[in-house]
Structures are given as C-alpha cells and as structure tokens.
K.L.:
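Please find one structure pasted underneath; my questions will follow.
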Amino acid sequence: MIKITLPDGAQREYNEGVTSLEIAQSISAGLAKAVVAAEIDGQVWDLTRPITKDVAFKLLKFEDDNGKKTFWHSSAHLMAEALESLYPGVKFGIGPPIEAGYYYDVDLGGRKFSDEEMVTLEKKMLELAAKDNQYIRTEVSKADAVKYFTEKNDEYKLELIDGLNDGEITFYQQGEFTDLCRGPHIPSTGLIKAVKILSIAGAYWRGDESRQQLTRIYGVTFPKQALLDEHMRLLEEAKKRDHRKIGKELELFAFSENVGMGLPLWLPKGAMLRDKLVDFLKRAQTKAGYLPVVTPHIGNKKLYVTSGHYEKYGKDSFQPIETPQEGEQFFLKPMNCPHHCEIYKTKPRSYKDLPLRLAEFGTVYRYEQHGELHGLTRVRGFTQDDAHLFCRPDQLKEEFCKVIDLVLYVFRALDFQDFTAQVSLRDPENKTKYIGSDENWDRAEKAIIESAAEKGLTTVVELGEAAFYGPKLDFMVKDAIGRKWQLGTIQVDYNLPERFELEYTGADNQKHRPVMIHRAPFGSLERFIAVLIEHCAGKFPLWLSPEPVAILPISDKFHAFAEEVQAKLMAKNIGVFLDDRAEKIGKKIRDTELRRTPYMLIVGEKEAETKTVSVRKQGHGDQGALDVDQFITNLITEIESMI
RNA sequence: GCCGAAGUAGCUCAGUUGGCCAGAGCUACUGAUUUGUAAUCAGUGGGUCGGGGGUUCGAAUCCCUCCUUCGGCUCCA
C-alpha cells in the first residue's frame, strides 16, 4: 500500500501502481470525468501513469493552469495526427502549449496552407477526437527512437532526439500518430470537444534565421463548445481595444505612406495627450532633482564610434547623411546617451555635483525591420522619456531605488497594476556578446537585484536579455490581446563612462569614473500611449483626456450662454469643445459619448436662466444640474486628486 | 528581411462563376428643421477598385511584379 496526500492534507491508501485516474474515480465519478492530469509531488503526470510510492497528490482540471497546458499540448498532438492524415509525409518540429492554445511547427514540404484548409483541419481534428483514442506513453531507447524517425524521414525530430540522453526518451501515441514527447497528456482525445485553428505563420526551425522556415499553425481547443465561444468573444472584444483602431477613431495619430512607414503623425488630440503625459513626468522629475537638457536629432559619426554603437549597429541603422562640402557623416540619433555624455563633459565635475540627472524627451530614430513594425508599439521614430544619471559608485543603489520609485509612481498614476518586473542579466554561457569587464557586470547585476528586492518588486530573472553594455530592470505590460511589451526600463552602464572617459574629482583630489543609469519610466511615449489606449479602451482618465469637457447646447438659441461657459473653462485651462452644430441633443450626446469625452454639459433654457449646466458623465448618463462655477471647482478638484 | 493573409469613397463595408456608367451607411458640403439626455429630413459632392505590367472582345474580379497593412518568425541601442 502507498500513501497519497491530497491538497487539503487528507491521506488515502491505495495499492502500489494505482493511477491518478483510478484515484479520481474512487473519489467521485464526476471528478474522474473532469480531470485532465495530475500533479505528483509537484510534477505534472499523465492520469494513466502508475504511482509506486507515497506522494503529494493533486488532480488537475482544465481550469488549472497546468491542466490547460496539458490539454493544449495534447491538442497539438491531435492536430499533428490530423495533419498527418490530411497531408501524408508532413514533418514535425515542435508543438508546445502557449498562453492561450498551442501551435505546431510543421514542414508541409512546400505545400501552401490556406484558410479553407484551416476549416478542413478543424473538422478532421474533431473527427479524430470523437474516436476517443488514448494517449499511450512508452519509454523507448535512443536507438529505437532514432530508428523510428529515420524511417519516418523526419530530420527535425531526429535533431531533437540527438539532444536527449538515452533512457529519458518517451513516445506518446494516440490513434495512428506517434510523437517524440516528454508529456504529460490527457487520457484520451475524447475530452477535446471544441477546436479552432487560429492562424498560420512562418517560424524558423529552432528560432534560427539561417535555418529552414516551417509553417507554424496556431490553434486553441476546449472541453466544451461554450468555452470556445466565450474565448472567441473575448478575442473580438480585445480587437475593439486595439490602439490602432481607437487611435484612428479618436483622431489621435495617423500614418502616411508619403512620410514613411513606422513614422507616426500625431494629430491634435494625440499631441494634447502626449503633452499632458510629458508635463506630468516633467513635474515629477523636477521634484526628483532632474535637470532638463535638449540635444539635436543628429550626431556626428565620431560620437557613435566612441560609444561603440557604430560598431554594433552601424550597418543596421539608418545610413548616415553627409554634409555636401566636407563630406562629414551624421547619424540620426538612435539614442540620447552619447549626447548626454558630451554634456557631462562640458566642464570638470566634482564628487559634490553628483548625482547629475540629465533628462530629455528625446526623439530617436531606429531602422526596424519592415515586418516588425506594429502600430505605435514598434516604430522607426519615437520619443523616449530619457534621462541619464551620472553618479558615484557608492550612490548607485540609492539612485537605482529612487528610479524604481519614480517608475512605480508613474504606473500607479496611470493605473497600471498588472505589470511584471524583469531583471535582464548577461547570458553566462556567452559573455562575448557583451562589452565591459566581468567585475563591473557583477557589480551592476548585484545593484539591480538588491534594489529590486529592497523595493519589494516581484521580479522575473531573464538570462541573456541584458543590453550589450549592461544589465537592466524592465517593466513589462500586456496589450489588449495579451502580447507583452516593455515600457519602463532602468539600465546600469559602466561602459559608456569608460568610452567617453567621463570623470569627476573625488574628495581625495583624484580622478574617478562615474557610473551611469539610463532610465525611461514610459519607455517611449509612442508605445506607452499605445498600451494606455488599450488599457483604458480609449476612455482616458480625466486628467489626460484631450477633451475633458464638451458643451452641448439644446439649440442655437443658447449658444451665447454656451460660449460664456466655454470661456470660463478655457480661463482655467480646461480643454473644452463646443458642439454648435444644428443637430438634435440626442445626436450630439451620441457623438460625444463615442468620442469618450468624460463630461458633457447640456445647456438649454433652464440652464441659461439659472446659470447652471446639466452634467452628463461619459458612460454614466445624466448627473443633474450644477452651478457653472461649482462644476468647474469640482472638476479641478477631481483632476488634482488624480495626480 | 522571412512565411502567410489582405488592400474597393475620409471611415466601416457590399460587389455571385470575368459582362450595363462600381454600390450602401456614416463623414463632408448645401438647404430645411430650433430640437431636453446615445443617430431629424432632403439634396449634392466624393473612387484610375493600392501602383505598374500582362491575359481577354471585355478585369475590382484571372496571372506577374512592386508598395502598404495585418498575423507570426527573426531582431530590438
């Protein structure tokens, strides 16, 4: 007999070799139908795998994260089975579960895969699922595994097997299909009741651009049709929040082929929103001791040779512009730091001057690959809320902590609660990608990890994600459809001070080298606004709204009074739009609601007589009448309470 | 850059297997209406069907090519 400890601490005894499915059945038949996998001592196992010792035991349903993963992983196998039956000879790469569904990278042998085939594939999958074939796990020797896939002529699987050790190789088979797989899997295909093939994309084998490109087929499956319907509905909802759609609707920004791809044009309302964000951060930075600087959009090639960026990115950036007479080369600036280093060097610095915090909303230009451009999140020209902090080594951690405070202040003001903090460190396997001494890297990495811990941030550590000149702490936020974007970033840099030979005179009257912190709480205004738009679905908080108030007169008889109200608001520097069209009030309200204007003031005969406004709040309807001055006072109080 | 998909009026979209002068709604403009909490009515504009080339008696529709956009991959100072 073995002892099984359930999550609630209860213990049950079973015969050695009992399976999780049998345990589930012993608890209740309904439970046995709903489970997809089990967690045995914290590891996810097949339900049908025999348990041979005392273990901590937890059953996983589809609702559990690991349950979903298992379900979708098994679905990838089901799709592979369907593909193999539809397209004999197809070869398989990898087919993992992802956040919402799964994909499988396949080599269709030059065949194209169209939309109609997506439907055919779905049908085939459902047909195979209905057979309720079991997923059968077998341990195989490396030699047998190689033999099987050599016969199948699947070089991708053979390459995967090559990286595995004999004795740790398992196959899973369901129906006619056998795959190399670590598992685990759901007990049988019958659990998969709803199937959707979502999209097709090219993906390089093992993520290597120089290797074969495979067809990546994305899909999602559910144990119930209703869950799939709900999932598709949520995807539709998310699409409505897409910043590209809302940006167009609300006239925030636009692109023009004549200007160039990836080069956003900020329309008046978008520019107003930007200005408000900039003002907001400038105020916070002034309080935190930052000093403003302004630098030009181009810089001499020499500058980037010194910084090392020329060597690293010279060929992959916009190519230099030349002066017509001297033939001197200038690059569009891809970052602001070299300019700021030159500002540091304009006079001798004392240890008493540090930290020196130079801030600039600097617009930079980077040549991004054509296929990578994406709305405002990935552009070729963007404005960083950049600053460079030059400090003594003993000040590094304190400064770093202060920057974290600033980033958190910004995120809080904008209600970004759902972010992840990522510590990006060097890839210990491949140190040649980076510049700078081991000693400096170790110090910088230590400073970041300690600061993040001190500030109580929950961090994810990513090896190999550091910038080439130093480690960083990035703040990641998800967009409407779950893609992760980096917003705020804080980076430690020992390298540029070295390259630019930055110095300060210490108390000992000796020259010392400062440490640099690059930081941008928004990251780039473009990307930040994109995520902000999706976050609030275009309903900006009152203090950011490009048009916080609209005045809607009932008819043109009340335009004089409306203009009076408008003048009062304008005198308080509040953005206000007067809708003086000869439209009915219902139409004006509808249009204003759709523009997401936070407050609508309806003025007619009653209001003009009593010098009041009827307030209507976006999304909340009529709020009743209010004295004009009272409304303005309330409004200002509300705005001030937000920042 | 690579794989796949798409591109019709300012916007959202219709346009059967190639066949009258390419359509609708909204927007814009003109006029009427003077309106009380999510769409007043009428009229008028507006398109080399992304560009170029080809097949055809005839192309928005079929083929080639380029551009842009979208979904991914790669990359991201």
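A, B, ... follow the sequence lines: proteins, then strands. Residue 1 opens every chain.
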K.L.:
Any donor-acceptor pair under 3.5 Å between the side chain of Tyr204(A) and the base of G1(B)?
P.N.:
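Checked by distance alone, the answer is yes.
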
K.L.:
Starting at atom CG of Asn258(A), determine the distance to atom C1' of U69(B), rounded to an integer number of angstrom.
P.N.:
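One finds 15 Å between C1' of U69(B) and CG of Asn258(A), rounded.
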
K.L.:
What's the closest nucleotide to the side chain of Met261(A) if the choices are U35(B), U69(B), A77(B)?
P.N.:
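Nearest listed nucleotide: U69(B).
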
K.L.:
Using a 6.0 Å distance limit plus a 45 degree cone around the ring axis, check whether Arg211(A) lies over the aromatic ring of Tyr204(A).
P.N.:
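Not flagged: Arg211(A) not positioned over aromatic ring of Tyr204(A).
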
K.L.:
Base, sugar-phosphate, or nothing for Tyr218(A), non-hydrogen atoms under 4.0 angstrom?
P.N.:
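Contact class for Tyr218(A): sugar-phosphate only.
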
K.L.:
For Lys239(A) and A6(B), give me the distance from atom NZ to atom C1', rounded to whole Å.
P.N.:
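The distance from NZ of Lys239(A) to C1' of A6(B) comes to 13 Å, rounded to the nearest Å.
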
K.L.:
Provide, to the nearest angstrom, the distance between the CZ atom belonging to Arg483(A) and the C1' atom belonging to C73(B).
P.N.:
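Rounding to the nearest Å, CZ of Arg483(A) and C1' of C73(B) are 14 Å apart.
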
K.L.:
When the P atoms of G15(B) and U61(B) are compared, how many Å lie between them, rounded to an integer?
P.N.:
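It works out to 15 Å between them.
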
K.L.:
In this structure, how many angstroms lie between the C1' atom of C75(B) and the CG atom of Leu373(A), rounded?
P.N.:
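Going from Leu373(A) (CG) to C75(B) (C1'), I get 12 Å.
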
K.L.:
Report the distance from atom NZ of Lys240(A) to atom C1' of U12(B), rounded to the nearest whole Å.
P.N.:
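Between C1' of U12(B) and NZ of Lys240(A): 14 Å.
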
K.L.:
Describe the nucleic acid contact of Gly523(A) in one word from base, sugar-phosphate, nothing, applying a heavy-atom distance below 4.0 Å.
P.N.:
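Nothing: the residue Gly523(A), judged by heavy atoms under 4.0 Å, touches no strand.
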
K.L.:
Paired with C49(B): which nucleotide, if any, by Watson-Crick or G-U wobble criteria at under 3.5 Å for both distances?
P.N.:
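By the stated definition (distances under 3.5 Å), nothing pairs with C49(B).
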
K.L.:
Phe468(A) ring centre to Lys312(A) NZ or CZ under 6.0 Å, with the angle to the axis within 45°?
P.N.:
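Verdict for Phe468(A): a cation-pi partner in Lys312(A).
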
K.L.:
If only atom types and distance count, is the side chain of Lys333(A) paired as donor or acceptor with the main-chain N or O of Pro296(A) below 3.5 Å?
P.N.:
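Checked: pair present.
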
K.L.:
Would you verify whether the NZ or CZ of Arg595(A) falls within 45 degrees of the ring axis of Phe577(A) while also being under 6.0 Å from that six-membered ring's centre?
P.N.:
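Positive - Arg595(A) is close enough to the ring of Phe577(A) and near enough to its axis.
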
K.L.:
Report which part of the nucleic acid Thr215(A) touches: base, sugar-phosphate, or nothing (heavy-atom distance under 4.0 Å, all strands).
P.N.:
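Result for Thr215(A) = nothing.
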
K.L.:
Check whether any side-chain nitrogen or oxygen of Lys584(A) sits under 4.0 Å from OP1 or OP2 of A38(B), and answer yes or no.
P.N.:
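Checking Lys584(A) against A38(B): no side-chain N or O falls below 4.0 Å of OP1 or OP2.
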
K.L.:
Counting heavy atoms from C-beta on, name the nucleotide in U35(B), A77(B), C75(B) closest to the side chain of Ser555(A).
P.N.:
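Selected nucleotide (nearest to the side chain): U35(B).
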
K.L.:
Tell me what Ser307(A) touches on the nucleic acid: a base, only sugar-phosphate, or nothing, going by heavy atoms under 4.0 Å.
P.N.:
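Here Ser307(A) touches no strand at all.
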
K.L.:
If we take the P atom in both G19(B) and U27(B), what is their distance in whole Å?
P.N.:
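It works out to 32 Å between them.
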
K.L.:
Hey, can you tell me if Tyr365(A) and His297(A) have their rings parallel, tilted or perpendicular (30° and 60° cut-offs)?
P.N.:
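Ring orientation of Tyr365(A) relative to His297(A): tilted.
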
K.L.:
Strictly by Watson-Crick or wobble contacts shorter than 3.5 Å, is anything paired with C13(B), and which nucleotide is it?
P.N.:
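Pairing partner, where one exists within any strand: G23(B).
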
K.L.:
Of the listed nucleotides (G72(B), U34(B), A77(B)), which one gets closest to any side-chain atom of Arg366(A)?
P.N.:
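Nearest to the side chain of Arg366(A) among the choices is A77(B).
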
K.L.:
Any idea which of U69(B), A77(B), U34(B) is nearest the Phe468(A) side chain?
P.N.:
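Nearest to the side chain of Phe468(A) among the choices is A77(B).
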
K.L.:
Do the side-chain N or O atoms of His370(A) get closer than 4.0 angstrom to the phosphate oxygens (OP1, OP2) of U68(B)?
P.N.:
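Checking His370(A) against U68(B): at least one side-chain N or O falls below 4.0 Å of OP1 or OP2.
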
K.L.:
Taking the C1' atom in each of U8(B) and A22(B), what is the distance between them to the nearest angstrom?
P.N.:
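Result for the C1' pair: 9 Å, nearest Å.
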
K.L.:
Please name the nucleotide paired to A59(B) by Watson-Crick or G-U wobble geometry with both distances under 3.5 Å, or report none.
P.N.:
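Across any shown strand, A59(B) pairs with none.
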
K.L.:
Should Arg216(A) be listed as having a side-chain N or O under 4.0 Å from OP1 or OP2 of C3(B)?
P.N.:
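No, Arg216(A) has no side-chain N/O under 4.0 Å of OP1/OP2 on C3(B).
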
K.L.:
Side chain of Lys587(A) only, heavy atoms from C-beta on: which candidate in C26(B), C70(B), A77(B) is closest?
P.N.:
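Nearest to the side-chain atoms of Lys587(A), counting from C-beta on, is C26(B).
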
K.L.:
Mapping Phe558(A) and Leu214(A) to their closest nucleotides on RNA chain B, which lands nearer the 5' end?
P.N.:
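Its nucleotide being nearer the 5' end, the pick is Leu214(A).
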
K.L.:
With heavy atoms under 4.0 Å as the rule, sort Gly586(A) into base, sugar-phosphate or nothing.
P.N.:
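Contact class for Gly586(A): sugar-phosphate only.
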
K.L.:
For A42(B), which nucleotide is its Watson-Crick or G-U wobble mate, given both distances must be under 3.5 Å?
P.N.:
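By the stated definition (distances under 3.5 Å), U30(B) pairs with A42(B).
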
K.L.:
Using a cut-off of 4.0 Å on non-hydrogen atoms, how would the nucleic acid contact of Glu249(A) be classed: base, sugar-phosphate, or nothing?
P.N.:
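The residue Glu249(A) makes no contact with any strand.
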
K.L.:
Evaluate whether the aromatic ring of Tyr469(A) and the six-membered ring of the A77(B) base sit under 5.5 Å apart, centre to centre, with an inclination under 30°.
P.N.:
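The base of A77(B) is not stacked with Tyr469(A) (the test needs centres under 5.5 Å and planes under 30°).
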
K.L.:
Starting at CG of Leu626(A) and ending at C1' of U37(B), how long is that distance when rounded to a whole Å?
P.N.:
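Roughly 16 Å, once rounded to whole Å.
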
K.L.:
If you draw the axis of the six-membered ring of Tyr310(A), does the NZ or CZ of Lys301(A) fall within 45° of it and under 6.0 Å from the ring centre?
P.N.:
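Yes; both conditions hold, so Lys301(A) lies above the ring face of Tyr310(A).
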
K.L.:
Need to verify one output field. Residue with the more 5' nearest nucleotide on RNA chain B, Glu605(A) or Gly207(A)?
P.N.:
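Looking at RNA chain B, the more 5' nearest nucleotide goes with Glu605(A).
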
K.L.:
Counting just side-chain N and O atoms, does Lys248(A) come under 4.0 Å of either OP1 or OP2 of U12(B)?
P.N.:
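For Lys248(A), the contact criterion (side-chain N or O under 4.0 Å from OP1 or OP2 of U12(B)) is met.
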
K.L.:
Please report, rounded to the nearest Å, how far the C1' atom of G71(B) is from the CZ atom of Arg244(A).
P.N.:
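Between C1' of G71(B) and CZ of Arg244(A): 9 Å.
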
K.L.:
Look at the side chain of Ile602(A) and decide which nucleotide, out of G36(B), G71(B), A38(B), has an atom nearest to it.
P.N.:
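Out of G36(B), G71(B), A38(B), the nucleotide with an atom closest to Ile602(A)'s side chain is G36(B).
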
K.L.:
From the set A39(B), C70(B), U33(B), return the single nucleotide nearest to any side-chain atom of Ala582(A).
P.N.:
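Selected nucleotide (nearest to the side chain): U33(B).
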
K.L.:
Going by purine N1 to pyrimidine N3 plus the second Watson-Crick contact, or the G-U wobble pair, all under 3.5 Å, which nucleotide sits opposite G18(B)?
P.N.:
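Because no pair has both required distances under 3.5 Å, G18(B) counts as unpaired.
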
K.L.:
For nucleotides A24(B) and C67(B), find the distance between their C1' atoms and express it as a whole number of Å.
P.N.:
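The answer is 29 Å between these two C1' atoms.
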
K.L.:
Establish, from distance only, whether the side-chain atoms of Asn300(A) and Gln329(A) form a donor-acceptor pair under 3.5 Å.
P.N.:
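No.
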
K.L.:
Whole angstroms only, please: what is the CG-P distance between Leu601(A) and U37(B)?
P.N.:
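About 17 Å, once rounded to whole Å.
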
K.L.:
Please state the C1' separation for the pair A59(B) and G53(B) - nearest whole angstrom.
P.N.:
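So the two C1' atoms sit 14 Å from each other.
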
K.L.:
Going by atom types only, do Gln630(A) and Asn634(A) share a side-chain donor-acceptor pair under 3.5 Å?
P.N.:
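Distance-only check passes for Gln630(A) and Asn634(A).
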
K.L.:
Give a yes or no on whether a donor-acceptor pair under 3.5 Å exists between the nucleobase atoms of G36(B), that is its base, and the side chain of Glu607(A).
P.N.:
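Such a pair is found, so the answer is yes.
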
K.L.:
So which nucleotide does G7(B) pair with, by the Watson-Crick or G-U wobble rule with both distances under 3.5 Å?
P.N.:
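WC or wobble partner is C67(B).
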
K.L.:
Quick check for you: among G71(B), U34(B), A38(B), whose closest atom lies nearest to any side-chain atom of His374(A)?
P.N.:
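Comparing G71(B), U34(B), A38(B) against the side chain of His374(A), the answer is G71(B).
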
